Amino acid sequence: MYKDAIVTFSVNEVIEHLTGLIQQAIQETGLYQDVIELEKPREATHGDYASNIALKLAKALRKPPRELAERILQAMPASSWVAKTEVAGAGFINFYLHAQIWPQLVPVILQQKQEYGKNSSGKEQSILVEFVSANPTGPLHVGHGRGAAYGASLANILDANGYRVWREYYVNDAGRQMDILALSTWLRYLECCGERIDFPPNAYQGTYVREMAEAIYAQHARQYWHDPANFMPVSLSAHTDADAHLDALIGSAKELLAVDYVYFHQFALNEQLADCRQDLAEFGVQFDQWFSEQTLFDSGLVQRTLNMLDEQGHLYSQDGAIWFRSTHFGDEKDRVVQRENGLFTYFASDIAYHLYKLERGFDRLIDVWGADHHGYIPRVKGALKAIGCDAERLTVALVQFAVLYRNGQKAAMSTRSGEFVTLRELRAEVGNDAARFFYVLRKSDQHLDFDLDLAKSQSNDNPVYYIQYAHARICSVLDQWGGDTALLLNAEAGLLSSEHEINLLKTLADYPQTVSAAARELAPHLVAYALKEVAAAFHACYNAEQFLLEDALLREARLAMILATRTVLANGLTLLGISCPTYL
RNA sequence: GCGCUCGUAGCUCAGUUGGAUAGAGUAUCGGUUUCCGAAGCCGAGGGUCACAGGUUCGAUUCCUGUCGAGCGCACCA
């Protein structure tokens with residue numbers, strides 16, 4: 001019986017117990033309040049938990065809150081968990097718990113191990129998290145890195161909350177940007193052939209394009225050569241529209257190369273996708289599926305989606321294009337789905353993509369987008385509504401771009417110009433762990449100032465080491481002890497009673513609530529902050545108490561406590577995709 | 001011009017159904033190791049929560065306005 005009590009002990013239980021006490025007291029006094037709130041006071045001097053119930057009731061009853069609080073307290077049944085109650089401040093009821101309830105948590109954590117902190121609130125609902133989804137037209141940069149770190153951590157957190165999570169990367173392999181990349185590669189290839197090319201300024205400038213061209217030239221020599229005079233008769237002049245010029249070049253390339261154009265297109269796509277995949281894998285970011293935009297066209301789904309919209313009367317023609325009447329669904333203007341030249345817009349395939357996500361049976365969709373796409377939300381949700389889907393099932397999580405600072409100045413970031421810091425460079429400089437942690441330490445919708453010089457020169461000051469150091473310290477102590485950690489499950493945790501010990505145990509007790517809050521708010525940064533709290537409580541305890549004592553009972557109790565601490569640190573770091581080193 | 005997101009300590013940021021004396025890191029200053037890892041711990045100073053109104057027992061939090069910042073307003077993705 002005692003054993004059962006141990007196994008189920010949690011903060012949830014404590015909170016339910018306390019709200020139950022309040023509930024009983026309220027009924028006893030003949031009052032009524034449907035929702036009973038319990039909060040953790042900021043100040044330790046305000047108890048372990050506090051209720052504002054009297055303040056809430058005061059308004060309706062037109063009585064002084066302190067007087068109501070006193071009445072409620074009088075009627076409250078006694079509890080073996082509660083050491084003291086008091087009325088404080090404007091009319092708060094503060095609860096002070098017996099410190100001895102917290103050590104009960106230690107064997108719970110030691111038993112649950114990597115399961116500690118998880119819950120089943122997701123009820124096996126399936127949820128698709130789409131993130132990164134950068135165009136495969138060049139290396140990932142540090143802005144993509146933030147979306148990757150956020151999305152991957154979020155997916156892990158949702159998984160820990162009992163959702164069935166599907167991680168997906170949407171590959172934009174069908175659009176104009178890919179054509180520009182294919183063209184860029186071919187032009188660089190012609191340079192390899194010895195031609196002098198007037199390389200368009202709005203084509204991809206990065207050195208990786210040259211590298212692809214060189215690889216193709218090394219393998220196929222002049223097989224794809226064509227005389228530039230045949231397709232670049234006039235260079236770009238002031239009165240020419242740059243985009244039109246680029247499109248004309250793409251058209252010429254397709255005409256001259258014919259099927260060989262597909263080779264360049266595919267080569268560039270495969271190359272960049274492979275690079276991207278490897279980069280993310282090294283960053284600890286894995287996907288269940290890389291979803292090709294092209295397949296939406298090949299399967300006819302885009303056309304079918306537009307037909308659905310058309311049948312409902314949501315499409316119309318104007319100026320030679322076909323428009324979706326998104327203004328009927330909350331958007332500020334109507335949007336083109338098929339251009340005058342017959343090509344579908346990105347929006348058209350995106351509607352099809354979102355429809356298909358729902359058709360695949362996912363209960364919920366989360367899109368992780370760069371915050372610069374926020375204006376895009378109303379039209380996607382509007383389109384879902386228009387084809388009869390529940391747009392509420394889609395949540396768009398916006399991630400602000402990381403703003404880079406180099407030499408105290410904002411660093412330019414443009415894929416086209418090739419002036420950007422890649423994710424790979426960042427990882428090499430500060431390490432995967434520091435990068436992952438730094439990315440999710442901020443609320444995702446906040447701008448992130450990423451000082452490269454600071455990150456590079458003082459990577460040891462990164463807060464991730466504070467947490468990893470706590471983990472390593474524990475490993476070190478347990479290692480010096482040398483005993484069998486499995487035996488610590490039977491330790492007399494009840495011997496833990498010092499202020500530092502209790503404080504540490506409370507941070508461990510809070511961890512499951514953090515995991516569920518992080519899922520509810522789609523906020524991995526909550527986990528990062530909670531881990532800092534755990535580490536801080538541990539470091540303080542470490543400096544105040546000795547672990548490797550002569551007294552076997554107390555020694556094992558404390559070792560059990562730090563083993564539990566290590567478990568929580570490891571569980572949290574794992575959610576954030578950060579390693580748990582045994583030494584630093 | 002319109003829309004979205006923001007404005008918290010010198011700096012970078014937490015603070016979530018509105019709660020008590022607004023917190024942490026960093027930087028600055030002062031302590032701390034014959035002892036399990038000092039990448040640690042303990043302490044000090046540092047604030048008109050951009051500004052002005054409003055809602056109420058109570059506002060950093062909700063509403064309105066002003067100022068300031070970023071982003072968006074394509075037959076690009």
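Quick note on labels: first sequence line is chain A, next is B, and so on, each numbered from 1. Predicted, not measured: the structure shown is a model, and the values here were computed from it.
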Next on the checklist: Assuming nearest nucleotide by heavy-atom distance, tell me which of A:Arg335 and A:Gln400 is located more 5' along RNA chain B.
Outcome noted: A:Gln400
Next on the checklist: Classify the ring geometry of A:His141 against A:His144: parallel below 30°, tilted from 30° to 60°, perpendicular beyond 60°.
Outcome noted: parallel
Checklist entry - Nearest-Å distance, NE2 (A:His447) to C1' (B:U8)? => result 17 Å
Checklist entry - Is there a side-chain polar atom (N or O) of A:Tyr465 under 4.0 Å from OP1 or OP2 of B:A39? => result no
Next on the checklist: Taking Watson-Crick (N1-N3 plus N6-O4 or O6-N4) and G-U wobble (N1-O2, O6-N3), each under 3.5 Å, can you produce the dot-bracket string of RNA chain B? Use [ ] for crossing pairs and | for inter-strand ones.
Outcome noted: (((((((..((((.....[...)))).(((((.......))))).....(((((..]....))))))))))))....
Checklist entry - In whole Å, what is the span from the CG atom of A:Asp372 to the P atom of B:C6? => result 16 Å
Next on the checklist: I'd like to check the side chain to side chain donor-acceptor pair (under 3.5 Å) partners of A:Gln546; sequence neighbours left out, ordered by chain and number.
Outcome noted: none
Checklist entry - Do the ring planes of A:Tyr356 and A:Phe291 sit parallel (below 30°), tilted (30 to 60°) or perpendicular (above 60°)? => result tilted
Checklist entry - With a non-hydrogen cut-off below 4.0 angstrom, is A:Ala58 in contact with a base, only sugar-phosphate, or nothing? => result nothing
Checklist entry - Side-chain N or O of A:Tyr376 less than 4.0 angstrom from OP1 or OP2 on B:C71? => result no
Checklist entry - Do A:Arg325 and A:Phe329 meet the cation-pi criteria used here (NZ or CZ under 6.0 Å from the six-membered ring centre, within 45° of the axis)? => result no
Atom pairs and distances, donor-acceptor, side-chain atoms in residues 466-475 of chain A, under 3.5 Å, two or more places apart:
from: A:Gln468; atom 1: NE2; to: A:Asp433; atom 2: OD2; distance (Å): 3.0
from: A:Gln468; atom 1: NE2; to: A:Ser579; atom 2: O; distance (Å): 2.9
from: A:Tyr469; atom 1: OH; to: A:Arg473; atom 2: NE; distance (Å): 3.2
from: A:His471; atom 1: ND1; to: A:Pro581; atom 2: O; distance (Å): 3.0
from: A:Arg473; atom 1: NH1; to: A:His539; atom 2: ND1; distance (Å): 3.0

Next on the checklist: At 4.0 Å (heavy atoms only), tell me whether A:Glu332 reaches a base, stays on the sugar-phosphate, or touches nothing.
Outcome noted: sugar-phosphate
Checklist entry - Contact class for A:Glu340 (heavy atom, under 4.0 Å): base, sugar-phosphate, or nothing? => result base
Checklist entry - Just wondering, do A:Phe92 and B:A20 stack (centres under 5.5 Å, planes under 30°)? => result yes
Checklist entry - Between A:Lys443 and B:G15, is there a side-chain N or O to OP1/OP2 distance below 4.0 Å? => result yes
Item to check | Parallel, tilted or perpendicular, as decided by the 30° and 60° cut-offs, for the rings of A:Tyr353 and A:Tyr170 | outcome: parallel
Item to check | OP1 or OP2 of B:C75 under 4.0 Å from side-chain N/O of A:Arg176 | outcome: no
Next on the checklist: Using whole Å, what does the distance between atom C1' of nucleotide B:U17 and atom CD of A:Glu39 come to?
Outcome noted: 12 Å
Next on the checklist: Need to verify one output field. Residue with the more 5' nearest nucleotide on RNA chain B, A:Asp445 or A:Ala88?
Outcome noted: A:Asp445
Checklist entry - Is A:His46 stacked on the base of B:A20, meaning ring centres closer than 5.5 Å and planes within 30 degrees of each other? => result yes
Checklist entry - Does A:Glu168 come within less than 4.0 Å of A:Lys357, counting only side-chain N to carboxylate O? => result no
Checklist entry - Counting just side-chain N and O atoms, does A:His539 come under 4.0 Å of either OP1 or OP2 of B:C42? => result no
Checklist entry - Contact class for A:Gln338 vs. all strands (heavy atom < 4.0 Å): base, sugar-phosphate, or nothing? => result nothing
Next on the checklist: Whether A:Thr345 contacts B:C75 is assessed here as follows: a side-chain N or O lying under 4.0 Å from the phosphate OP1 or OP2. Is that the case?
Outcome noted: no
